[in-house]
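Read through the structure below, which is laid out as structure tokens, and then see the notes.
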There are 2 protein chains.
Amino acid sequence: MTITTTQASSNERLLTPGEVAALFRVDPKTVTRWASAGRIGSIRTPGGHRRFRESEVRSMLADLTSEATLPPSRP
Amino acid sequence: MTITTTQASSNERLLTPGEVAALFRVDPKTVTRWASAGRIGSIRTPGGHRRFRESEVRSMLADLTSEATLPPSRP
DNA sequence: TACAATTAGGGTAATTAGGGCT
DNA sequence: ATTGTCCTAATTACCCTAATTG
């Protein structure tokens, strides 16, 4: 099952640095550093504050779930 | 408009390696080894640091507790 | 306009990753 | 075989003030 939420960027829900930080269990400053380093896409408000695409954040969380790929059981 | 949050694992509370280590009374490095060996699920921050699901950790702790509390239960 | 909360910056501690070793 | 400790490099957390947000 592949939920391909291909939403236009206009309808995309945006998250604040604090919300993203809560999801990753990190400090909001850390999310800012990710954006500065280009590790996560960001949109700037006219005042300079960052906003993040919810779909991108969720996919990052889901993708990094499994650490060690469990090999299939030996028959 | 009612958005039924279909978030499988994203809104799960996460714990840091140090927090998990404190709960198990082990060194944080040991928790890292568990993750590398696939004995415990882990999520990676974009920077490479690991986060662990609180529910999974609690479940593992419950198993330890029952093992330490209950006498050998198999006839 | 004023207000409380959040964020952007910059600097300095504290954790963590990774490997190797006992 | 699993855990603990030592090391370095990298990432993250907490301190501050000023600006933006809603």
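Protein chains get the first letters and strands the later ones, always in sequence-line order, with residue 1 at the start of each.
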What is the distance, to the nearest angstrom, from the [atom1] atom on [X] to the [atom2] atom on [N]?
X     : N     : atom1 : atom2 : result
A/L14 : C/dT6 : CG    : P     : 18 Å
A/L15 : C/dT7 : CG    : C1'   : 15 Å
B/I40 : D/dT2 : CD1   : C1'   : 16 Å
A/R44 : C/dA8 : CZ    : C1'   : 8 Å

Flag side-chain contact, heavy atom, 4.5 Å: [X] against [Y]:
X     : Y     : answer
B/D27 : B/T32 : no
B/L14 : A/L23 : no
A/I43 : A/R53 : yes
B/T30 : B/F24 : no

Sequence neighbours left out, what pairs pass side-chain hydrogen bond (donor to acceptor under 3.5 Å, both in side chains) with at least one residue falling in residues 35-47 of chain A?
-> A/S36-A/R50

Over all heavy atoms of both residues, which pair between B/F52 and B/A35 is shortest? Give the atoms and the distance, please.
->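 In terms of heavy atoms, the two residues are closest at CE2-CB, 3.9 Å.
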
Taking the side chain of A/R39 as its heavy atoms from C-beta onward, which of D/dT11, C/dG18, D/dT12 lies nearest to it?
-> D/dT11

Reading DNA chain D 5' to 3', what string of ( ), [ ], | and . shows its pairs, if Watson-Crick and G-U wobble pairs count only when both distances fall under 3.5 Å?
-> ...|.|||||||||||||||||

Residues within residues 27-36 of chain A bordering DNA chain D, heavy-atom distance below 4.0 Å | A/D27, A/K29, A/T30, A/R33, A/W34

Partners passing salt bridge (Lys or Arg N to Asp or Glu O under 4.0 Å) against B/E54 (at least two apart in sequence or in another chain) | B/R13, B/R58

Taking N or O atoms only and anything under 3.5 Å, show me the protein contacts with nucleotides 20-22 of chain D, one pair per line.
{"unit_1": "D/dT20", "atom_1": "O4'", "unit_2": "A/H49", "atom_2": "NE2", "d": "3.4"}
{"unit_1": "D/dT21", "atom_1": "OP1", "unit_2": "A/T45", "atom_2": "OG1", "d": "3.0"}
{"unit_1": "D/dT21", "atom_1": "OP1", "unit_2": "A/G47", "atom_2": "N", "d": "2.9"}

Within the pair B/R50 and C/dT16, is there a side-chain N or O less than 4.0 Å away from OP1 or OP2?
->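 For B/R50, the contact criterion (side-chain N or O under 4.0 Å from OP1 or OP2 of C/dT16) is not met.
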
Taken in chain and number order and not counting sequence neighbours, the residues that satisfy side chain to side chain contact (heavy atoms under 4.5 Å, CB included) with B/T16 are A/R25, B/E19, B/R51

Taking A/E56 for the side chain and A/G41 for the main chain, is one N or O donor matched with an acceptor at less than 3.5 Å?
->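 Yes, the answer is positive, given that a donor and an acceptor are paired below the 3.5 Å cut-off.
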
